[in-house]
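Structure, as structure tokens:
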There are 2 protein chains.
Amino acid sequence: MDIRERLARNLRKMRQQKNLSQEAFAHDVGIHRTYISDLERGARNPTITIIDKLARFLGVTPGTLLDE
Amino acid sequence: MDIRERLARNLRKMRQQKNLSQEAFAHDVGIHRTYISDLERGARNPTITIIDKLARFLGVTPGTLLDE
DNA sequence: ATGTGACTCATAGTCCGTG
DNA sequence: TCACGGACTATGAGTCACA
């Protein structure tokens, strides 16, 4: 599977496990709401600094977001 | 440690383990040679598609390149 | 609460070189 | 063989209005 798709699925799942809306999640992470929406649809090709931000907030390693 | 630093170290180590020059490695992966040089010095902020390319060629998961 | 198109500005990524 | 620079084009970062 495409790496963007994997990120999309992993991100959405992990956000939902925190019971956060995209809006609340985006606010907490410090990324714009629509950007999160794009990521969860695999519509963006983010840099690793974005991955790092997400992983840190979620308390996981970057690999957890990108690996299957 | 910074995620770019981690990538830099992991990448250099894994390339050297294959006994490839930056130039040969870059050619095989399909990325420009100067870009590999930049990555190994932590001077760049690559997108996840670049990470994917590197990981596939090296036969590892993206996490192996980004996690410590 | 979320998806989407459009937009500006910064930077990812390429290609030419040099010591 | 590699670090590093300059110049360039393509695309990501970040935001908004609207459905």
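Naming convention: chains lettered A, B, ... in sequence-line order (proteins, then strands); numbering from 1 in each chain.
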Does OP1 or OP2 of dT2(C) have a side-chain N or O of Ser37(A) closer than 4.0 Å? no
For the residue pair Leu58(A) and Leu65(A), establish whether any side-chain heavy-atom pair is separated by less than 4.5 Å. yes
Item to check | Student check: side-chain heavy atoms of Arg6(A) and Asp52(B) closer than 4.5 Å | outcome: yes
Taken to the nearest whole Å, CD1/Ile36(B) to C1'/dA12(C) is 14 Å
Inset, instruction - Considering just the side-chain nitrogens and oxygens of Thr34(B), establish if one lies under 4.0 Å of OP1 or OP2 belonging to dC4(D). - result: no
Here the distance between atom P of dA1(C) and atom NE2 of His32(A), to the nearest Å, is 16 Å
_Validation row: Thr64(B), Asn10(B) side chains within 4.5 angstrom (heavy atoms)_ = no
Atom CG of Leu39(B) and atom P of dA3(D) are separated, to the nearest Å, by 11 Å
When rounded to whole Å, the CZ to P distance for the pair Arg44(A) and dT15(D) reads 11 Å
Practice prompt. State, with a plain yes or no, whether a side-chain heavy atom of Arg33(A) is found less than 4.5 Å away from one of His27(A).
Written response: no
On a heavy-atom basis, the closest approach of Arg44(B) and Asp38(B) is NE-OD2, 3.0 Å
Checklist entry - After noting the C-alpha distance and the side-chain angles of Arg15(B) and Lys18(B), does the key distance pass the side chain to side chain contact (heavy atoms under 4.5 Å, CB included) rule? => result CA-CA 5 Å; Arg15(B) 173 182 63 80; Lys18(B) 290 213 163 216; 5.8 Å; no
Within a radius of less than 6.0 Å around CD of Gln16(B), do more than 12 heavy atoms belonging to other residues, nucleotides or ligands occur? yes
Here the residues of residues 57-68 of chain B within 4.0 Å heavy-atom distance, strictly under, of DNA chain D are none
Q. Should Val29(B) and Leu54(B) count as side-chain neighbours, where that means a heavy-atom distance under 4.5 Å?
A. yes
Taking Watson-Crick and G-U wobble contacts under 3.5 angstrom, with | marking pairs to another strand and [ ] crossing pairs, the secondary structure of DNA chain D is written .||||||||||||||||||
Ile31(B) CD1 to dC2(D) P, in whole Å, measures 15 Å
Result for 5'-nearest mapping on DNA chain D, choosing between Glu40(B) and Asn45(B), is Glu40(B)
What residues 4-29 of chain A contributes to the DNA chain D interface at heavy-atom separation below 4.0 Å is none
Considering every strand and a 4.0 Å limit on heavy-atom distances, what is the contact class for Ile50(B): base, sugar-phosphate, or nothing?
sugar-phosphate
Can you find a heavy atom in the side chain of Ile31(A) that is under 4.5 Å from one in the side chain of Phe57(A)? no
Minimal heavy-atom distance between Leu39(B) and Ala8(B), with the atoms involved, is O-CB, 3.3 Å
Taking only N and O in the side chain of Tyr35(A), is any of them less than 4.0 Å away from OP1 or OP2 of dG14(D)? no
Asp38(B) CG to dC4(D) P, in whole Å, measures 9 Å
In Ile48(A), Ile50(A), Thr47(A), the residue satisfying side chain to side chain contact (heavy atoms under 4.5 Å, CB included) with Thr47(B) is Thr47(A)
Sub-3.5 Å donor-acceptor pair from the side chain of Asp67(B) to the main-chain atoms of Thr61(A), do we have one?
-> no
* Give a yes or no on whether a donor-acceptor pair under 3.5 Å exists between the nucleobase atoms of dG14(D), that is its base, and the side chain of Arg33(A). => no
Establish, with yes or no, whether the OP1 or OP2 oxygen of dT2(C) is under 4.0 angstrom from a side-chain nitrogen or oxygen of Arg41(A). no
